[in-house]
Novice: 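Pasting a structure below so you can have a look.
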Amino acid sequence: MRLALLGILAMLCGCRTMVPRFYIDRAISKYEAVADHIELGDSIEQVLAILEPTQEGLPRSARKSPEKYIKYGVKVEIHFARASRQPDGRTTDDEFVPYLFNDGKLVGIGWILLGGPTTRGQKTPSINIQEQDTSIVF
């Protein structure tokens with residue numbers, strides 16, 4: 001009985017960790033399908049109409065909030081789209097593509113205008129099962 005209960009709990013815990021991954025991967029696929037439809041000079045309304053549906057269903061922890069400020073009298077807005085995922089379990093800047101708007105017009109896509117991502121995920125090295133030591137020590 002205890003063993004069955006532990007098995008059920010392990011399955012439930014495993015499912016919880018899989019759910020965000022599924023939503024993230026789905027958002028990435030949707031983003032990749034529409035990213036080429038966005039052009040510099042597009043209005044913020046046009047761009048968000050394309051991007052926002054790709055990000056639907058993402059848990060809050062898998063998103064990056066928009067940023068807004070005024071610089072030299074220009075209203076600057078930066079919106080982020082989830083475009084990749086590192087298998088390290090963290091949500092970091094390098095998993096997003098920033099869209100930079102000046103006074104409501106798209107003037108840049110990507111991190112180059114922003115000086116690069118502040119945080120980066122850790123790539124997990126793949127493990128070749130055949131190379132693993134399977135010896136048992138008693």
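Atom set for the values below is all heavy atoms of this structure, side chains included, hydrogens, waters and symmetry mates excluded.
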Novice: Which heavy atom of V97 sits nearest a heavy atom of G110, and at what distance?
Specialist: CG1-N, 4.1 Å

Novice: So which heavy atom on G108 is nearest to which on L113, and how close?
Specialist: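 So the two residues come closest at CA-CD1, 3.5 Å.
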
Novice: Any donor and acceptor pair, going by atom type alone, linking the side chain of R82 with main-chain N or O of S84 inside 3.5 Å?
Specialist: yes

Novice: Identify the heavy atoms of A83 and I28 that sit nearest to each other, and give their distance.
Specialist: O-CG2, 3.5 Å

Novice: When rounded to the nearest 0.5 angstrom, what is the spacing between NE2 in H79 and OG in S65?
Specialist: 10.5 Å

Novice: Determine the minimum heavy-atom distance between I50 and H37, stating which atoms define it.
Specialist: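 Shortest heavy-atom separation between I50 and H37 comes out as CD1-O, 3.9 Å.
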
Novice: Hydrophobic clustering (ILVMFWY, side-chain heavy atoms < 4.5 Å, transitive) - are I78 and L106 grouped together?
Specialist: no

Novice: Under 3.5 Å, is there a donor-acceptor pair between the Q46 and S43 side chains?
Specialist: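 Indeed, the side chains of Q46 and S43 share at least one donor-acceptor pair under 3.5 Å.
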
Novice: Answer yes or no: is there an ion pair linking K75 with E77, defined by an N-O contact shorter than 4.0 Å?
Specialist: yes

Novice: With sequence neighbours excluded, what pairs up with D25 under the salt bridge (Lys or Arg N to Asp or Glu O under 4.0 Å) test?
Specialist: R85

Novice: So if I apply the side-chain contact (heavy atoms from CB on, under 4.5 Å) rule between V76 and each of V107, L100, D103, I70, which one comes out positive?
Specialist: L100

Novice: To the nearest 0.5 angstrom, please state how far the CD atom of E67 sits from the CG atom of L114.
Specialist: 8.0 Å

Novice: When clusters are formed by joining ILVMFWY residues with side-chain heavy atoms under 4.5 Å apart, either directly or through shared neighbours, do I109 and V47 land in the same one?
Specialist: yes

Novice: When rounded to the nearest 0.5 angstrom, what is the spacing between CZ in F96 and OH in Y31?
Specialist: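 Here the rounded value is 11.5 Å.
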
Novice: Would a distance-only check, ignoring hydrogens and angles, find a side-chain to backbone donor-acceptor pair under 3.5 Å from E95 to T92?
Specialist: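 Checking the backbone N and O of T92 against the side chain of E95, a donor-acceptor pair under 3.5 Å is found.
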
Novice: Between R63 (side chain only) and Q55 (backbone N and O only), is there a donor and an acceptor less than 3.5 Å apart?
Specialist: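 Between the backbone of Q55 and the side chain of R63 there is a qualifying donor-acceptor contact (under 3.5 Å).
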
Novice: Heavy atoms only: give me the nearest F101-I44 pair and the separation to one decimal.
Specialist: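 It is CE2-CA, 3.4 Å.
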
Novice: Is the CG atom of L40 crowded by more than 12 outside heavy atoms at less than 6.0 Å?
Specialist: yes

Novice: Any idea which heavy atoms bring P98 and W111 closest together, and the distance?
Specialist: CD-NE1, 3.4 Å

